[in-house]
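Quantities reported herein were computed from a predicted structural model and do not represent experimental measurements. Numbered from 1 within each chain, the chains take letters A, B, ... in sequence-line order.
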Number of protein chains: 2
Amino acid sequence: MALEHAILVSLLEQPGSGYELAHRFDRSIGRFWTATHQQIYRVLGRMGADGWITAEQVDQRGRPDKRRWSVTDPGRAVLTDWLREEVQPEAVRHELAVKVRGAAFTDRAGQVALLVEVARYRADHEAVLARYLAGERRDFPGTVPADDRAALQHVVLRGGIAYERMVLAWLDDVLATLRGLDH
Amino acid sequence: MALEHAILVSLLEQPGSGYELAHRFDRSIGRFWTATHQQIYRVLGRMGADGWITAEQVDQRGRPDKRRWSVTDPGRAVLTDWLREEVQPEAVRHELAVKVRGAAFTDRAGQVALLVEVARYRADHEAVLARYLAGERRDFPGTVPADDRAALQHVVLRGGIAYERMVLAWLDDVLATLRGLDH
DNA sequence: TCCTGCTATGCAACGAGTTGCACAGCAAGG
DNA sequence: CCTTGCTGTGCAACTCGTTGCATAGCAGGA
């Protein structure tokens, strides 16, 4: 379990409310660690009780007050310790791979339906790649990184870009294979 | 939720016991859908109660009896229906990406420790790739697939191979970035 | 004016998945 | 002979994550 750690990193990069965190998880960090707002609020409460983070009340005109969370020294120590732990093997859950193998056990119409669905899925990933590339142009225009933080954020983004490119190429392979099945 | 469906596909490819399924999930299917044996037994029980699969008692000399599960017609229909559903976006949980961004908030010693850990992690993925390539040479030696099932299994395996190659290249990028941090 | 949507926080219930443990017999090696 | 390891099944407790729902004020468009 590491939602806590993803939140610590996100709050160190920029303090913010639960609501803001939920949105960041939809955009930046969330590409590598997803979470819903309900889960984030619950974990924030626990982390606050454990003293890893503290909240500061921020009054806002015309909007509900928010609680801006930031990381405490004990919270920072928790993160440092976690960084030294072994990286766990990822728990892979690739639904599409299961469906592709399952396509051997359905009829021709089912295979065609899957083909259409794969094409739609491919378009989604193409959009994600375009978003990553736009983000890269915006946030990392130069060749030399501004500082350590930027260099590390950039290499993670490059990982996302490489992943999406690999997925697109594989989906083309899948589409060609589905088209080439006996019929 | 789709462990049920992964089990249906695996049992259609080859009927077997819970124990055998757990091992397949460690090897073949498990590269794309992980599960522990406890979870598999529980889900097999539910699927049996729902009539998706049936068990046949197999007596074995010198070993505990086992229950060989196979898919029923209703189970096959469940799989067919599921194949027609939308592919859900994957819930990404990439611990290493979080750690890499977190490396901006630790000291030099912590960054070096992470570098060592990334190198170890890279060796694991190199071993996985070698296993995939060996499996490909063994199971798909020819250029023309034997049948639909083989063609689909092969394209999924090619996806695993492409994924591992992408990961290795990205890890090299990460290692270079960690080495190049200010110090 | 009314409806939709955004900011902002949170509870309750459920389902999925992990961890720890238990039992039982056989095979193989030190 | 004893220990380790494999085959085989399963329960119980717990944590993690999702889904549905609730509240509340303001902004903006039809």
Side-chain angles (χ1 to χ4, degrees), chain A residues 1-7 11 15-27 29-30 32-50 53-69 82 86 88-95 98, chain B residues 1-8 11 15-27 29-30 32-50 53 55-69 82 86 88-95 98:
Chain A
M1 196 274 316
L3 176 56
E4 275 88 336
H5 305 113
I7 288 177
L11 288 180
S17 68
Y19 186 82
E20 284 164 359
L21 273 176
H23 277 257
R24 282 187 227 169
F25 272 73
D26 270 357
R27 291 173 197 151
I29 275 268
F32 318 105
W33 205 275
T34 53
T36 59
H37 81 271
Q38 289 87 345
Q39 201 190 338
I40 287 170
Y41 279 115
R42 200 192 319 166
V43 172
L44 281 176
R46 190 168 63 223
M47 291 169 76
D50 291 345
I53 55 176
T54 42
E56 167 200 3
Q57 191 76 20
V58 180
D59 299 338
Q60 298 187 118
R61 284 166 298 177
R63 282 183 196 170
D65 295 350
K66 67 177 180 183
R67 311 173 68 191
R68 183 192 291 126
W69 294 96
W82 175 70
E86 261 192 27
Q88 300 298 314
E90 311 295 324
V92 182
R93 298 276 151 83
H94 207 315
E95 190 190 353
V98 178
Chain B
M1 195 273 317
L3 176 56
E4 274 89 337
H5 305 113
I7 288 177
L8 285 173
L11 288 180
S17 67
Y19 186 82
E20 284 165 359
L21 272 177
H23 277 257
R24 282 187 228 169
F25 271 73
D26 270 357
R27 291 173 198 150
I29 275 269
F32 318 106
W33 206 276
T34 53
T36 59
H37 81 271
Q38 289 87 346
Q39 202 189 339
I40 288 170
Y41 280 114
R42 199 190 323 163
V43 172
L44 281 175
R46 189 169 63 223
M47 292 169 75
D50 291 345
I53 55 176
E56 167 199 4
Q57 192 76 19
V58 180
D59 298 339
Q60 298 188 118
R61 284 166 298 179
R63 281 185 199 169
D65 295 350
K66 67 177 179 183
R67 313 174 67 192
R68 185 193 290 127
W69 294 97
W82 175 70
E86 260 194 27
Q88 299 299 313
E90 311 294 324
V92 182
R93 298 277 151 84
H94 206 316
E95 191 190 351
V98 178

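Here the closest non-hydrogen pair linking A:Trp69 and A:Gly18 is CD1-N, 4.2 Å. The shortest non-hydrogen separation linking B:Trp33 to A:His94 is CE3-N, 3.6 Å.
For A:Arg93, the side-chain atoms get nearest to C:dG17 when compared with the rest of D:dG10, C:dG17, D:dT7. Taking every side-chain heavy atom of B:Glu20 into account, D:dG8 is the closest of D:dG8, D:dT18, D:dA13. Comparing C:dT19, C:dA8, D:dG10 by their closest approach to the side chain of B:Thr36 singles out C:dT19. The side chain of A:Gln38 approaches D:dC21 more closely than any other nucleotide in the set C:dT9, D:dG17, D:dC21. For B:Lys66, the side-chain atoms get nearest to D:dG8 when compared with the rest of D:dC16, D:dG8, C:dT9. Distance from the side chain of A:Tyr19 is smallest for C:dT9 among the nucleotides C:dA16, C:dT9, C:dG17.
Considering B:Arg68, B:Lys66, B:Arg67 in turn, B:Arg68 is the only one that fulfils the salt bridge (charged side-chain N to carboxylate O under 4.0 Å, His left out) rule with B:Glu56.
With rounding to whole Å, B:Trp33 atom CH2 is found 12 Å from C:dG17 atom C1'. Atom CD1 of B:Ile7 and atom P of C:dA16 are 12 Å apart (whole Å). Rounded to an integer number of Å, the gap from A:Leu44 CG to C:dC11 P is 12 Å. The distance from atom CZ of B:Arg24 to atom C1' of D:dT7 is 15 Å, rounded to the nearest whole Å. Atom pair B:Leu21:CG and D:dG8:P shows a separation of 12 Å (rounding to whole Å applied). In this entry the distance linking CD1 of B:Ile40 with P of C:dT18 reads 10 Å, nearest Å. The nearest whole Å value for the distance from the CZ atom in A:Phe25 to the P atom in C:dA8 is 17 Å. Atom P of nucleotide C:dA8 and atom NE2 of A:His23 are separated by 9 Å, given to the nearest angstrom.
Under 3.5 Å, the side chain of B:His37 and the base of D:dG8 form no donor-acceptor pair of N or O atoms. A donor and an acceptor atom sit less than 3.5 Å apart, one in the side chain of B:Arg42 and one in the base of C:dT18.
A:Ser17 has no side-chain polar atom (N or O) that falls below the 4.0 Å cut-off from OP1 or OP2 of C:dT7. Proximity of A:Tyr41 to the phosphate of C:dG10: no side-chain N or O atom is located under 4.0 Å from OP1 or OP2.
Looking at heavy-atom distances under 4.0 Å, B:Arg67 makes contact with sugar-phosphate atoms alone, never a base.
Ring geometry for A:Tyr19 against A:His23 counts as tilted: the plane angle lies between 30° and 60°, on a 0 to 90° scale.
Distance CD1/A:Ile53 to CD/A:Glu4: 9.5 Å, rounded to 0.5 Å.
Nearest-nucleotide positions on DNA chain C place A:Gly18 closer to the 5' end than the other of A:Gly18 and B:Gln39.
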